[in-house]
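Accompanying notes for the structure given below.
Every chain is numbered from 1, with letters handed out A, B, ... down the list of sequences.
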2 protein chains.
Amino acid sequence: MALFDLLGRHWAMGVLWTLSEIGPCTFRKLQEDCESISPAALNTRLKELQAAGFVHRVEDGYAPTELGLRLYGQLRPLGDFSKEWARHLNAQD
Amino acid sequence: MALFDLLGRHWAMGVLWTLSEIGPCTFRKLQEDCESISPAALNTRLKELQAAGFVHRVEDGYAPTELGLRLYGQLRPLGDFSKEWARHLNAQD
DNA sequence: CTAAGTTGCTACATAATTTGTAGCACCTCA
DNA sequence: TGAGGTGCTACAAATTATGTAGCAACTTAG
């Protein structure tokens, strides 16, 4: 699936997630919140996400588009799943 | 989110997706269905997915675990979203 | 028993991607 | 005019992936 090519890049989902959680924000703030993403990679991800129509530039920096927010909506359940997964991993030890 | 570290690797979601769609299958069939994944990368992904508890070995090769199938369930809506997205991209041209 | 096929997987050189750090060019506001 | 913020580029080093070859273990057929 072509969508996986895009999302399966380092930090692609993280950037969209962060942007959707904290709302419109600057390049630099995004860089802080995605701990240890290099500016080069962030820039590349932002360009890809913009080309894909999930993110666009706004006055205050970057923000998710309406489509981007819908994608975030699909991703959000993974947050809860992630907790269930953590419990599973602990139970394994 | 830690889950994104795992899924945001090249072919990680694709492998789980394929495995859930076509059911238990061999290493080599997985390699064919994920067109152009190198055996080294596939092996790495499989080890990671096994360590995460999403995939395990079975008689016929590899199969998603129950937890893996639940994760696939969370991912599945992305399939429909992907079509919506394709429509959106075409409308842009 | 042997030879052919299939399996999972490793080896390794090349290529692509990411990091980490530095810093530039542009703006705004005092 | 200079102090701060902005988005972003440069570039070497590290990490990760590709592509091709092939090995070792196992099954099956003759």
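- In this structure, Tyr62(A) and Phe27(A) have tilted ring planes: the angle between them lies in the 30° to 60° band.
- Of the residues in residues 32-44 of chain A, those lying under 4.0 Å from DNA chain D by heavy-atom distance are Pro39(A), Asn43(A).
- Rounded to an integer number of Å, the gap from Asp5(A) CG to dT17(C) P is 11 Å.
- For the pair Leu30(A) CG and dG5(D) P, the computed distance is 18 Å after rounding to whole Å.
- Whole-Å rounding puts the Lys47(B) NZ to dA17(D) C1' distance at 15 Å.
- Of all nucleotides listed (dT19(C), dG8(C), dT16(D)), dT16(D) comes nearest to the side chain of Arg9(B).
- A straight line from CG of Asp60(B) to C1' of dT6(C) spans 13 Å, rounded to a whole angstrom.
- At a cut-off of 3.5 angstrom, counting only N and O atoms as typed in the model, there is a donor on one side and an acceptor on the other between the side-chain of Arg28(B) and the base of dG8(C).
- Lys29(B) has its NZ atom 16 Å from the C1' atom of dG8(C), to the nearest Å.
- A heavy-atom distance below 4.5 Å is not found between the side chains of Arg70(B) and Gln74(B).
- In this structure, Glu48(A) pairs ionically with Arg45(A), as a charged nitrogen and a carboxylate oxygen lie closer than 4.0 Å.
- Per the geometry, CG belonging to Leu46(A) stands 15 Å off C1' belonging to dT18(C), to the nearest Å.
- Annotation: side chain of Leu19(A) is in contact with side chain of Cys25(A) (closest heavy-atom distance under 4.5 Å).
- A heavy-atom distance below 4.5 Å is found between the side chains of Asn43(A) and Lys47(A).
- Where Arg45(A) and Gln31(A) each meet DNA chain C at their nearest nucleotide, the meeting point lying more 5' is that of Arg45(A).
- In this structure, the NE2 atom of His10(A) is 14 Å from the C1' atom of dA17(D), given to the nearest Å.
- Between Lys29(B) and Glu32(B), none of the side-chain N atoms (NZ, or NE/NH1/NH2) sits under 4.0 Å from a carboxylate O, so this pair counts as no salt bridge.
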